[in-house]
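As structure tokens, the structure follows; a few thoughts come after it.
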Amino acid sequence: MEELGKELEELGLSPYEARVLLSLLRMGSANSLQLARSSGVPRTSTYQILESLEEKHLVERVPVPGPAVWSSPGRDEVISRLDALEGDRLRQHRLRAARVQQLLVRAFPDEPDAPLPPVHLINGSTQVRRRYEQLWAEATTEVLAFSRPPYSSRPGEVLKPVIDAMARGVKSRVLYQSVQVSDEASEGFRQEVAAYVEAGVEARIVDDLPLKLVVFDRQTTLLAITGRNGDAYPANLVVDDAGFAALQVEVFEARWASAVAFKAQPDLG
């Protein structure tokens, strides 16, 4: 009976409803006092539970004089009606979800009502990754990057927007830190970089990078904000300004000139 009760709860009944319904299925018909004793449900709650079950067409009130008597439509009919109730709930859920989607479209259109400011913060790795992939998707000429932790993608994950940009003819050069490339445990990372290189990205290695940044089309710069101890601050800065980007490009070119070419199989010894 306990197992049956739990299964009925999974079908949408409350614990008290399940216990009263099982008692009525066993007894065939009974009044609220008898059902309270049989099910263990408090007598003060039994009548209310029976009315709730009646609304769901799972019990029926017998038209007899005196105290109210309730009957069950039978086990097969109970299952059929529970199945119908679940179907109704699913339809209501789908209608509600469609309504919420309509409201969200109205409240949050694809294009913001106002353009983003030239300098703004992005919080959280999910939002950072979304903006990063969007900038890659919008790139038309060139992407330059200082690549170092923290990463918003999983180790070894090759991002499709980067590969797609290469296929569109976008030029890209990326500087990586030697510590990430040469680590014996970084095979997945090296394979990821090798995949980008195969797609057309030029990659070089330096000993150290002061920060993590990406310059898109010499116009928009995405950079990580770090704490005083070098720990990543949970925010990234986007600067949409050609002058700021030009300064970052100058630093990049100086580092690029002294960097060494990436090797998919570095000497780990």
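Predicted, not measured: the structure shown is a model, and the values here were computed from it.
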* Asked: Counting only heavy atoms not in Gln102, do more than 12 sit closer than 6.0 Å to its CD atom?
  -> yes

* Validation row, ring centre Tyr176 to ring centre Phe189 under 6.0 Å -> yes

* **Contacts of Glu192 that satisfy side chain to side chain donor-acceptor pair (under 3.5 Å) - sequence neighbours left out** => none

* Should we say atom CD of Glu54 is surrounded by more than 12 heavy atoms from elsewhere, each under 6.0 Å from it? -> yes

* **Ion pair check, Arg129 and Glu133, cut-off under 4.0 Å** => yes

* To do: Examine distances only and state if a side-chain atom of Asp241 and a backbone atom of Gly243 form a donor-acceptor pair shorter than 3.5 Å.
  => yes

* SB check Arg204 Glu253 (cutoff 4.0 Å) -> no

* Asked: Which residue, Phe262, Trp256, Tyr196, forms the side-chain contact (heavy atoms from CB on, under 4.5 Å) with Glu202?
  -> Trp256

* NZ/NE/NH1/NH2 to OD/OE distance under 4.0 Å, Glu142 and Arg218 -> yes

* Asked: Are Arg81 and Glu60 within salt-bridge range, i.e. N to O under 4.0 Å?
  -> yes

* To do: Inspect the contact between Glu187 and Arg190 and indicate whether a charged nitrogen and a carboxylate oxygen are less than 4.0 angstrom apart.
  => yes

* Inspect the surroundings of CZ in Arg37 and state if more than 12 heavy atoms from other residues, nucleotides or ligands are less than 6.0 Å away. => no

* Please report the shortest heavy-atom distance between Pro42 and Tyr16, naming the atom on each side. => CD-OH, 3.4 Å

* Asked: Does Ser29 offer a backbone N or O that forms a donor-acceptor pair with the side chain of Ser71 under 3.5 Å?
  -> no

* To do: Rounded to the nearest 0.5 Å, what's the gap from CG on Leu11 to CD on Glu9? Could you check?
  => 10.0 Å

* Below 4.5 Å, heavy atoms only, C-beta onward: do Val214 and Tyr132 meet side chain to side chain? -> yes

* **Results of side chain to side chain donor-acceptor pair (under 3.5 Å) for Ser38 - residues two or more places apart only** => Ser23, Arg26

* To do: Only counting residues at least two apart or in another chain, list the ones meeting side chain to side chain donor-acceptor pair (under 3.5 Å) with Glu86.
  => Arg89

* Structure fact -> So CG of Leu21 and CG of Leu4: to nearest 0.5 Å the spacing works out to 10.0 Å

